[in-house]
Amino acid sequence: MNFELLTLDLATAGHEKCNVLLMLLPASFKPGQNPLSTLIGKALKSGDLADKPASLLDIYRPAGLACDRLVLVQLGDAKTGNIRKGVQAAIALIKPAKPKHITLCFAQAPDGQALHVAMTTLAEASYVYATTLSKAEARTISHVRVGVPDRAALAAPFAQTVAAVRGIELAKEWANRPANHATPSHLARAAQALAKSPRIKCEVLNLKDVHKLGMGAFMAVAQGSAEPLKFIELHYKGAGKNQPPVVLVGKGITFDSGGISIKPAAEMDEMKYDMCGAASVLGVFKALAELQPAINVIGLIPSCENLPSSRAVKPGDVITSMSGQTIEILNTDAEGRLVLCDALTYAERFKPLAVLDIATLTGACVIALGGVRSGFFSADDAMMAAIAKASESSQDLCWPMPLDDDYAEGLKTSFADVANVAGRPGGSITAAKFLQRFASKYPWGHLDIAGTGWKSGSAKGAKGATGRPVGLLLHYVLSFQASAA
Ligand code: BES
Ligand code: MN
Ligand code: ZN
């Protein structure tokens with residue numbers, strides 16, 4: 001999908017040649033003196049364009065205008081929720097006609113956030129997964145011209161959103177691929193492909209390397225599968241050598257059967273999404289490749305399958321993590337925290353400004369927050385504030401969760417320094433408390449995206465990766481650039 005930003009007012013929008021001209025109209029819009037304005041004025045006055053947000057009016061070959069089709073979109077108060085609903089409704093309406101060229105026109109200047117929401121919603125609504133279909137229906141919307149009253153004023157947020165969309169779509173692509181088309185080795189190759197871009201380097205560690213590092217927790221998860229594990233390390237260097245990096249750690253379980261503590265068969269296929277955290281890290285690097293900002297970012301992806309076999313780790317086994325802490329693996333289905341804890345220890349060597357891990361970590365987080373907000377955990381006030389800001393500006397929302405030490409009580413055991421599970425209550429928090437033990441050397445945060453990284457469902461089209469939280473992560477890492485300037 002190609003995006004282009006241009007200056008359009010209601011007079012010039014009338015000359016836009018395109019399959020569909022989508023006019024976004026806030027309730028406060030005041031029509032002027034040109035054919036398009038006159039038409040809009042009449043549509044509003046007659047009530048044919050209702051004042052309810054996300055109301056549409058569809059006009060075929062409007063007289064005096066150059067577009068094939070004009071769709072008026074009522075935005076009401078033009079808050080981001082209504083922009084999202086309006087664009088979703090408009091794309092659902094025009095999609096069956098398979099339009100190629102769309103002009104998305106703002107009757108009144110949006111701010112950066114409104115522009116971001118409109119563009120990411122349009123991309124989301126027009127996305128189609130094609131990779132493993134023999135006769136895929138390709139995406140039809142190929143060119144999107146975004147019209148705003150003053151192009152120059154929005155050039156920066158526009159570029160950032162275009163990059164975010166590229167990253168989101170890469171993340172969706174990898175998360176949607178079935179586990180046999182998205183193995184740890186495939187992910188490693190995807191990361192290496194990103195390293196063809198300027199300022200990006202990639203290194204992939206194999207079993208021998210992680211063994212030498214002492215990553216006993218990561219290896220324990222991987223040992224049940226014949227598929228070789230990969231520890232992927234991405235570096236984006238946009239700032240000076242002395243500028244410490246932000247480290248993003250993505251859970252890369254390409255399939256989570258639960259291991260010996262095997263999951264029920266129903267919906268087990270959905271555990272191909274257990275690498276959404278890893279996919280979001282790849283997505284951020286894709287966006288960084290496009291934007292080339294003046295920051296340093298490192299991405300770490302511990303990736304493997306979690307399968308049962310005669311070689312698989314067993315409930316009750318005690319292993320030694322890279323940190324030296326021993327772990328009693330009481331439930332092999334709590335594997336995410338095991339691969340992440342060694343990556344968190346590994347991150348110490350970069351003397352990072354901050355480390356943020358992203359993981360489809362717990363079913364408990366799905367119960368707590370559903371698919372609207374990711375769970376965010378951090379004991380660092382600066383990080384909490386920066387993430388809250390990024391959540392708001394990207395509208396890729398998260399919500400603060402607690403880290404009281406009392407939640408760690410259930411992780412105590414007589415047979416190791418720590419157990420990998422506590423009881424069911426507060427399951428997303430006890431998982432975060434486990435991770436926190438391995439992240440004491442730097443400001444740390446944890447995003448549980450089990451509910452937000454993908455959508456469950458059986459109907460065609462309903463199930464799929466969301467590309468979240470690439471938008472949130474991109475806004476977060478770019479905030480380090482803003483503070484340096
Ligand atoms: N990958 C799952 C978490 C998950 C569940 C993500 C549902 C998305 C949807 C994770 O590895 C897991 O199995 N967690 C267990 C932890 C439990 C054994 C303490 C869970 O949430 O049930
Ligand atoms: Mn699991
Ligand atoms: Zn998992």
Side-chain angles (χ1 to χ4, degrees), residues 175-176 179 182 184 187 217-218 220-225 229 249-280 301-308 312-317 327-341 343 357-375 377 401 407-411 413 418-435 446-457 463-466 468-469:
N176 279 331
L187 293 188
F218 178 29
V221 176
Q223 77 191 35
S225 170
L229 66 75
V249 181
K251 172 178 173 183
I253 299 295
T254 58
F255 189 75
D256 180 13
S257 72
I260 297 293
S261 315
I262 198 159
K263 289 180 181 291
E267 282 119 47
M268 203 205 268
D269 64 292
E270 294 183 344
M271 283 301 119
K272 71 171 182 178
Y273 291 116
D274 215 14
M275 34 60 74
C276 278
S280 73
I301 299 174
S303 182
C304 67
E305 293 182 334
N306 184 24
L307 292 182
V313 72
K314 303 170 292 299
D317 283 2
I327 302 167
E328 185 183 24
I329 300 179
L330 286 174
N331 188 323
T332 65
D333 198 11
E335 85 298 338
R337 59 199 80 181
L338 296 173
V339 305
L340 291 172
C341 73
D357 74 68
I358 309 102
T360 45
L361 202 64
T362 63
C365 194
V366 187
I367 301 302
L369 297 174
V372 180
R373 288 181 187 253
S374 309
F377 302 79
M401 299 283 283
Y407 282 108
E409 283 301 306
L411 295 170
T413 165
V418 66
N420 77 327
V421 289
R424 277 165 59 82
S428 66
I429 312 168
T430 55
K433 288 305 286 182
F434 177 92
L435 293 175
H446 158 59
L447 273 169
D448 195 330
I449 60 163
T452 53
W454 53 283
K455 284 190 190 115
S456 181
K463 179 154 78 179
T466 60
R468 291 177 67 183

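This structure is a prediction, so every number in the text was calculated from the model and none was measured. Sequence positions, counted from 1, serve as the residue numbers for this chain. Order of listing sets the numbers, starting from 1, for every ligand and every atom in it.
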Metal check, the Zn ion (ligand 3) vs A359 N/O/S, cut-off below 2.8 Å:
no
State if K251 counts as touching ligand 1 under the rule of any non-hydrogen atom under 4.0 Å.
yes
For atom 21 (O) of ligand 1, what is the closest protein heavy atom, and at what distance to 0.1 Å?
G363 N, 2.7 Å
Taking only heavy atoms of D274 into account, list the atoms of ligand 1 that are under 4.0 Å away from them.
1 (N), 11 (O)
How far is atom 2 (C) of ligand 1 from its nearest protein heavy atom, and which residue and atom name does that atom have?
D256 OD2, 3.5 Å
Near the Zn ion (ligand 3), is there an N/O/S atom from D333 that is less than 2.8 Å away?
no
Qualifying residue for side chain to side chain contact (heavy atoms under 4.5 Å, CB included) with S257, from K263, E305, E335, M268:
M268
Heavy-atom pairs closer than 4.0 Å: do any link ligand 1 to the side chain of I253, the backbone, both, or neither?
neither
Any idea which N/O/S atom from D256 gets closest to the Zn ion (ligand 3)?
OD2
With V221 as partner, the option from T332, I253, V313 fulfilling side chain to side chain contact (heavy atoms under 4.5 Å, CB included) is I253
Determine whether more than 12 heavy atoms belonging to other residues, nucleotides or ligands lie under 6.0 Å from atom NZ of K455.
no
The atom name of the N, O or S atom in D274 nearest to the Zn ion (ligand 3) is OD2
Just need the protein heavy atom nearest to atom 16 (C) of ligand 1, so name the residue and atom and give the distance.
R337 NH2, 3.8 Å
Closest protein heavy atom (residue, atom, distance) for atom 18 (C) of ligand 1
N331 ND2, 3.4 Å
Protein heavy-atom partner closest to atom 6 (C) of ligand 1 - residue, atom, separation in Å:
A450 CB, 3.6 Å
Between K433 and F377, is a side-chain contact (heavy atoms from CB on, under 4.5 Å) present by the stated rule, with each step listed?
CA-CA 9 Å; K433 288 305 286 182; F377 302 79; over 6 Å; no
Quick one: pull up OH in Y273 and CG in D256 and give me the separation to the nearest 0.5 Å.
15.0 Å
The side chain to side chain contact (heavy atoms under 4.5 Å, CB included) partner of D274 among L361, T360, T254 is T360
D333 near the Mn ion (ligand 2): N/O/S under 2.8 Å:
yes
In the protein, what heavy atom is nearest to atom 7 (C) of ligand 1, and what distance, to one decimal place, separates them?
M271 CE, 3.7 Å
the protein heavy atom lying closest to atom 14 (N) of ligand 1 turns out to be L361 O, 3.5 Å
Which one holds for R424 and ligand 1: side chain close, backbone close, both close, or neither close, with close meaning a heavy atom under 4.0 Å?
neither
Atom of E335 nearest the Zn ion (ligand 3) (restricted to N/O/S, atom name only)
OE2
Residue-level breakdown please: for W454 versus ligand 1, do any non-hydrogen atoms fall below 4.0 Å on the side chain, on the backbone, on both, or on neither?
side chain
Just to confirm my output: which protein heavy-atom neighbour is closest to atom 12 (C) of ligand 1, and how far is it?
D333 O, 3.2 Å
